[in-house]
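Take a look at the structure below.
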Amino acid sequence: MASSAIETDGQEILDLEKNRQAEKAQWVLNAPEPPSLWRELMDSARETVLPHGKRFPYLKDKDGLFKTVISVLQAMFPIFSWCRHYNATKLRNDLLAGLTLASLCIPQSIGYATLAKLDPQYGLYTSVIPPLIYAVMGTSRDIAIGPVAVVSLLMSSMVPKLEDPEANPIAYRNLVLTTTFFAGIFQAAFGLFRLGFLVDFLSHAAIVGFVSGAAIVIGLQQMKGLLGIAHFTNKTDVISVLQAIWRSVHHYWNPHNFILGCSFLSFIILTRFVGKRNRKLFWLPATAPLISVVLSTLLVYLTRADKHGVMIIKHIKKGLNPGSIHELQFNNPHIGEVAKTGLIVAVIAITVGIKQFKSILHEKYTKSTLLTFILYILLLCQMQEATAVGRSFASIKGYSINGNQEMVAFGFMNILGSFTSCYVATGSFSRSAVNFSAGCETGMSNIVMAITVIISLELFTRLLYFTPIAVLSAIILSALPGLVDPHEAYYIWKVDKLDFLVCIGAFFGVLFASVEIGLLAAVIISFVKIIIISIRPGTEELGRLPGTDIFCDVNQYPMAVKNSKALVIRVKSGLLCFANANFVKEKIMKWATEEEENDSKGKRTVQVVILDMSNLMNIDMSGIASLLELQNNLASGGMELAITNPKWQVIHKLRLANFATKMGGRVFLTVGEAVDACLGAKMAAV
């Protein structure tokens, strides 16, 4: 009687365990329906159109109307948030930072304008209106707005294919302003439609290679000013530039330009070294470019070196930014196609574009088709550079950057900038680092910088007549070493070889072909990488960790124990679809076939294949069909198929396809439960 009682108790325990497993299986099978596609689209549209709808519960209260208006204004114009707590201490810090920033901005802006093949004053114009607009609308406290080297290179390498800047400088300038306008329109649209998150999808490796290659090209192009070469190539590939330098060196070049430029380049580099050794002298490398301009201008004026072959800027137009709305090329017959195509390309391309690297932070410092591509490149470079710079410094100071608001700010500052003779402005690495080191508190430092540039435009442009071009080239050269980062490239190689391929694709493309080819190479390689990962996802065999109910990859965890009767497989992909379903099915069948061959040798007898779906977020009809075919193939070999932990969308579609019924209800919550249910508790013990 005692033995029969024990058997009865054991049977009751087994029955109770089976009932629990059946109940848990019903949890999976009877999950509520997930939100429909229409519901998800409507929720997304509601969040896009009314992003602050849930933040203002007091809208129904008449007394809360004023608070609502203030909240909306603060969201649109962040200056209203920080100006409420502004004080004299912050003003003093911002004033010092703004003046320090201006001392670096003025010579750099003149140099970058010449790099963009524009008159020098356009660089100064770009350092007036965009910083003022950003100070009102931007969310970063540290970013310094103005022209930058990479965007200037893009202008000088791509727009001349439409208009020759030497043969027709006015038409070239107008096209640059029009490009700036459309880049601003697209940026503002991205921000208004809440697409700021797209910046996070941009490839880090591509921009490391792109910026490094662009920095080398920019440096080689400065040999024109450093050697005093009058005629130089418009091409940007390193072969053409080196050929132009070689031809010029063998004909006529002025050694006075070279000596003058190298002397002040050495001076700027020396001050930077001193500033790094002594942080209290942070202002020294920041003011070194301005000191170089003043001293070199005075030297040329006193010695009349311009009479002996030293090339000088000569005339810089005096006065504030002139209006340029009438200079935008809206009457171009292709303008409609350019705007439409440019917007579409910008929306699609930004998701696979480029993301600015942040390693400099560790230092603390047809015509219509071509124009469309120019807009796309400028848009990507401008947004990723400014957003990444702002987020980098924000992370140090402990505040957040609103990506959508940043895009709106960039967009409006470039739209209004194109109306006031500015070309594309963005956040500068070197100037933002100076702004940060100088102790800026708010966007007021940008306002101080802009006011200083305005004063310079009104009073000091005549004093720059004798400024040597070689010194401007030296200033640009001094800003380039921080853009070339071999350590980051090595780090990418060490971590991810495919990412390194993207990096060197962009680098060599820019270096030996053109800016467009470099970026196109990086984008194509990135696409190929995504496609390979998508269509050939990995699969792994799981085993139970001793003493636990956890199943892990047996290759990653050699101590994990395989079950002799069950083959547990997990697919390393978030989507089982038409692109990879057949590959996954064949991979699982190959594994099962190999186990069946081992059976004939007496090594292992597999009775069930358990598919862990914990990684799988969605499935389409091709994926469902492949699972049905897999089940039939396994059944013909005397094996069963079970699935575990399917996600919400996956089990919903499998239930609609009646797949769970066809496989006998072998759907479980965990791998351990699947093993126990399919093989029995005794056989599952290891």
Side-chain angles (χ1 to χ4, degrees), residues 200-206 209 348-349 351-353 355 492-506 520-543 551-558 560 562 566-598 606 609-634 637 639 641-647 649-651 653-654 657 659 671:
D200 296 329
F201 288 88
L202 306 179
S203 169
H204 171 78
I348 296 175
T351 61
V352 291
K355 188 173 185 178
I492 294 172
W493 159 260
K494 187 169 66 173
V495 174
D496 191 327
K497 301 300 187 291
L498 281 177
D499 256 1
F500 181 75
L501 192 60
V502 174
C503 179
I504 62 171
L520 185 62
V523 169
I524 290 176
I525 295 172
S526 298
F527 263 124
V528 171
K529 175 185 174 182
I530 294 171
I531 292 172
I532 290 175
I533 293 174
S534 299
I535 66 176
R536 298 184 67 85
T539 53
E540 54 192 19
E541 185 176 3
L542 307 183
F551 284 77
C552 299
D553 182 7
V554 294
N555 293 319
Q556 183 178 358
Y557 298 93
K562 300 179 184 179
L567 175 63
V568 185
I569 296 176
R570 180 164 58 205
V571 180
K572 295 188 288 186
S573 175
L575 178 64
L576 188 63
C577 63
F578 66 94
N580 58 21
N582 191 58
F583 175 81
V584 171
K585 181 201 68 177
E586 291 180 353
K587 193 75 178 287
I588 295 174
M589 282 304 304
K590 181 180 178 182
W591 241 333
T593 303
E594 289 177 353
E595 297 297 340
E596 190 175 3
E597 291 175 355
N598 290 335
V606 173
V609 174
I610 299 173
L611 188 58
D612 182 4
M613 290 188 163
S614 56
N615 288 341
L616 208 60
M617 304 306 297
N618 213 330
I619 190 171
D620 68 0
M621 290 305 300
S622 298
I624 295 173
S626 68
L627 289 180
L628 287 171
E629 188 174 350
L630 175 64
Q631 180 193 358
N632 294 333
N633 292 342
L634 291 174
M639 291 176 280
L641 175 66
I643 61 175
T644 68
N645 195 20
K647 299 301 182 183
Q649 291 286 352
V650 175
I651 190 59
K653 293 182 179 180
L654 292 179
F659 179 77
V671 175

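The figures that follow rest on heavy atoms only: side chains count, while hydrogens, waters and symmetry mates do not.
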* Quick one: pull up CG in L542 and CD in Q556 and give me the separation to the nearest 0.5 Å. =>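 Separation between the atoms: 10.5 Å.
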| Nearest-0.5 Å distance, CG of residue L627 to CG of residue N632 |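 The CG atom of N632 is 11.0 Å from CG of L627, to the nearest 0.5 Å.
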inquiry  = Using a 3.5 Å distance criterion without hydrogens, assess whether the side chain of N580 forms a donor-acceptor pair with backbone atoms of S534.
reply    =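 Yes; at least one donor-acceptor contact below 3.5 Å.
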Note to self: Between N582 (side chain only) and F578 (backbone N and O only), is there a donor and an acceptor less than 3.5 Å apart?
What the structure shows: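 Answer holds: no.
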- [ ] Answer yes if the side chains of K647 and N618 hold a donor-acceptor pair under 3.5 Å, and no otherwise.
- [x]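 There is no such pair between these side chains.
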| field | Within-4.5 Å side-chain heavy-atom neighbours: N615 and R570 | value |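 Yes; the side chains approach each other to less than 4.5 Å.
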- Query: Is there side-chain contact between E540 and N555, with heavy atoms separated by less than 4.5 Å?
  - Reply: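 No - every pair of side-chain heavy atoms lies 4.5 Å or more apart.
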Heavy-atom pair of closest approach, residues [X] and [Y]:
X    : Y    : value
T539 : K587 : OG1-CG, 3.3 Å
M639 : A592 : CE-CB, 4.1 Å
L575 : I619 : CD1-N, 4.1 Å

Given the rule in the side chain to side chain contact (heavy atoms under 4.5 Å, CB included) test, do Q649 and M617 qualify, once you have shown the distances and angles that lead to the verdict? CA-CA 7 Å; Q649 291 286 352; M617 304 306 297; over 6 Å; no
**Prompt:** Should N633 and M589 be marked as a side chain to side chain contact (heavy atoms under 4.5 Å, CB included) after you check the CA-CA gap, both sets of side-chain angles, and the distance that decides it?
**Reply:** CA-CA 8 Å; N633 292 342; M589 282 304 304; 3.6 Å; yes
task: Could you walk me through whether D620 and L576 pass the side chain to side chain contact (heavy atoms under 4.5 Å, CB included) test, one step at a time?
output: CA-CA 7 Å; D620 68 0; L576 188 63; over 6 Å; no
Please check if the number of heavy atoms outside F583 that lie under 6.0 Å from its CZ is greater than 12.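 Yes, the 6.0 Å shell around CZ holds more than 12 heavy atoms from other groups.
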- request: Mark yes when over 12 heavy atoms from residues, nucleotides or ligands other than K497 sit less than 6.0 Å from its NZ; otherwise mark no.
  value: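 Enclosed.
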For the pair K529 and D496, find out whether any cationic side-chain nitrogen is under 4.0 Å from an anionic carboxylate oxygen.
->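 The answer is yes: the pair qualifies as a salt bridge.
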Using the rule given for side chain to side chain contact (heavy atoms under 4.5 Å, CB included), can you reason through I624 versus K653, listing the C-alpha separation, both sets of side-chain angles and the distance that settles it, and then say yes or no?
CA-CA 8 Å; I624 295 173; K653 293 182 179 180; 4.2 Å; yes
